[in-house]
2 protein chains.
Amino acid sequence: MSSMAAMPNTHQQPPDADLSTVWLRAFLEVSRYGSFTVAARALGWTQSAVSRQISSLEAELGGAPLFDRLPRGVRLTEAGRVLVPYAESVVEALRGAGRELAALREGTGGRLRFGAFATADAALVPHALAAFHARSPGVRVTREEGFTPALLERLTAGHLDLAVVSTTGHAPLEAYTLHHLLDESLYVAVPAAHPLAGHPGPVRLGRLADAEWISGGTRPEGTLLDAALRAGFRPRVAHVVGEWTAKQGYVAAGLGVALVPALAATAVRPDVALLPVLDDGAPARAVYAATVRGRALTRAEEGFVAALREAASAVPRPMA
Amino acid sequence: MSSMAAMPNTHQQPPDADLSTVWLRAFLEVSRYGSFTVAARALGWTQSAVSRQISSLEAELGGAPLFDRLPRGVRLTEAGRVLVPYAESVVEALRGAGRELAALREGTGGRLRFGAFATADAALVPHALAAFHARSPGVRVTREEGFTPALLERLTAGHLDLAVVSTTGHAPLEAYTLHHLLDESLYVAVPAAHPLAGHPGPVRLGRLADAEWISGGTRPEGTLLDAALRAGFRPRVAHVVGEWTAKQGYVAAGLGVALVPALAATAVRPDVALLPVLDDGAPARAVYAATVRGRALTRAEEGFVAALREAASAVPRPMA
DNA sequence: GCTAGACATTCGCTTGTCGCATCCCTGCGG
DNA sequence: CCGCAGGGATGCGACAAGCGAATGTCTAGC
């Protein structure tokens, strides 16, 4: 008694429901078959439904008939002939929209604009990008580089869909959804001959309070050396060097020590030792993938976050 | 009490009703204004209507939201951004269809394919065409030439919209709507020196039973000389000449006499006399504008038939 | 003249959609 | 700190659009 074949007088829901503007399908099918009855069968409707659809369409179009009613079937009038290409272009557009939206929904299409801070580009982002692109080749990914506050602003303004940020910048993060990627431990780079080089386990930053520092900026606030302030001393910056490779050179030459975020610490020259820093206060700075709050993530965004997470756990740590 | 400003709780009918796919207009207005409420005001709807339109549209599209709901208004999601150009192209197509159909409806656009038999092209059709083109310059008119039976066949097959035909061909005319243009009287062309040249009033065809005839074909059946058969004699065809100008030369040279349909008798050389033929049987052959039966005439067709009628009454008759 | 095919129309009935009122959430200002 | 205002979501009652089924009407063909 359940699955009878007839199922009369019930609305069968549209199986594809591709924005189906009913009259459009009716019109095109009728124009294809030259018959209301045949078109109705093809559409799974009744003949009366088709008749009324066409009828009301004609009425809406100013009363001009679209079909000549012949004894056997119908034939397009001039007005109908005019309408056909437009109807087809509408169907084309709707079908195209459906296709692209489906691709977007399944993460196999669309656009993904993301930004990342510079050190994330050392290993995390390239790995994630490679994995994501291999999995979702149809997504057009664009990348921007910038500091966390700037990235967050562009996120809010709608110029970015996702940003890889860190908590360094003291920026207010309440307006964003944060997808935790990793807790980035800090390392201090010292010359291989440094007394602490052989030290087992993490070192307390306070033990380097008297050292000369190589840093990206003169003032520690807002940079990595912020951690030194938290450790209770104001570091003396001996040299301002931005690039990590260059920093290594300064450190190796014994001109000072430098703080290195874990993400940048992939390759170290043998005459430099990396010591994990014991951060007893707040945990080491965290790295997040941020999206604007309240927005649902697209499949592409989800996939990219997943790729970032995988990359985060696969990024080699200098000292296990 | 009549024209209150509010008019609440009543369906206001769409003023343009341009195939309005409701969700489309809602979506585009919302995407333009970034607000359901403002879009609703612009559309003359309530906010709840817009909200539900967008909501069901999103549901139909697989559940992907098209807008991010922000505390103040909304903003397009990636999915919405993808949909916009498609929606615009659909609106474009619908608007274009509306424009072209309106032009068609008012006779200022569209296509008109007609055919006419050769002698109608002497004066009737050119006059009508000129008048019609002056009145409806937007209509693309194409012309074919052919004999009545062939024209009617092409009409039935849908290759022509209208045909200027005559009753000569004994073709079955029941399948067509005939718009009477004129009753074409016959003339007989004789040399100016012919004994009948000065005859007052119409002549009976039988008086030329012994004459030599100039005709378009050897056998009278199906041609103008059919009239001779109806008059009770079989004309002797002395020369076969198709073109009216050439016929005139043969007649002027005294090589015979020729039948001339009124439509072809616009210009006669002075050494040829045209005598109206008294046709006592069926009235002289009629000329019609034929359309397929059951089809409603477009405005352009109506206009063209009117132009043909005017031309028919304006065509100069050799002898009033 | 009768039959078959095809579109139009009528009749209940379901269902979608609207307006209205209200609720909920967020951000702002006193 | 709390109320207020702006803006979207939702429940409710009602109306109209649209459907299926059955019937009417017209034409062609035998």
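Numbered from 1 within each chain, the chains take letters A, B, ... in sequence-line order.
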SB check B:Glu78 A:Arg140 (cutoff 4.0 Å): no
Sugar-phosphate, base or nothing in reach of A:Val50, heavy atoms under 4.0 Å: nothing
A:Ile54 CD1 to D:dC19 P, straight-line distance once rounded to whole Å: 11 Å
Step-by-step side chain to side chain contact (heavy atoms under 4.5 Å, CB included) determination, A:Phe147 to A:Phe117: CA-CA 5 Å; A:Phe147 296 112; A:Phe117 59 91; 5.7 Å; no
Between A:Arg41 and A:Thr37: side-chain donor-acceptor atoms closer than 3.5 Å: no
A:Glu88 CD to A:Arg32 CZ distance, which is reported to the nearest 0.5 Å: 8.0 Å
Shortest side-chain distance from A:Thr37, nucleotide among D:dG7, D:dC19, C:dC7: C:dC7
Residue closer to the 5' end of DNA chain D, B:Leu70 versus A:Thr46 (nearest nucleotide): B:Leu70
Sugar-phosphate, base or nothing in reach of B:Ser35, heavy atoms under 4.0 Å: sugar-phosphate
Give me, pair by pair, the N or O atoms of the protein and of nucleotides 8-10 of chain C that are less than 3.5 Å apart, along with how far apart they are.
unit_1: C:dA8; atom_1: OP1; unit_2: A:Arg69; atom_2: NE; d: 2.5
unit_1: C:dA8; atom_1: OP1; unit_2: A:Arg69; atom_2: NH2; d: 3.1
unit_1: C:dA8; atom_1: OP2; unit_2: A:Ser51; atom_2: OG; d: 2.8
unit_1: C:dA8; atom_1: N7; unit_2: A:Gln47; atom_2: NE2; d: 3.1
unit_1: C:dA8; atom_1: N6; unit_2: A:Gln47; atom_2: OE1; d: 3.3

Salt-bridge criterion met for A:Arg143 and A:Glu145 (N-O under 4.0 Å): yes
Trace of the side chain to side chain contact (heavy atoms under 4.5 Å, CB included) decision for A:Arg111 with B:Arg81: CA-CA 10 Å; A:Arg111 191 181 55 164; B:Arg81 235 170 284 135; 2.7 Å; yes
B:Gln53 CD to D:dA9 C1', straight-line distance once rounded to whole Å: 15 Å
Atom-pair distance (CZ on A:Arg41; C1' on C:dC7), nearest Å: 13 Å
Rounded interatomic separation in angstrom, taking CG from B:Leu57 and P from C:dT17: 11 Å
Using the 3.5 Å cut-off, write out each protein N or O paired with an N or O of nucleotides 1-6 of chain D and the distance between them.
none

Side-chain ion pair, B:Glu92 and B:Arg95, N-O less than 4.0 Å: no
Which residues share a side-chain hydrogen bond (donor to acceptor under 3.5 Å, both in side chains) with B:Glu100, sequence neighbours left out: A:Tyr86
Whole-Å gap separating P (C:dC7) and CG (A:Leu76): 13 Å
Nearest-Å distance for atom pair CG/P, residues B:Leu43 and C:dC18: 11 Å
Atom pair distance, as rounded to whole Å: CZ in A:Arg25 and P in D:dC19: 12 Å
CG on A:Leu297 to OG1 on A:Thr291, rounded to 0.5 Å: 5.0 Å
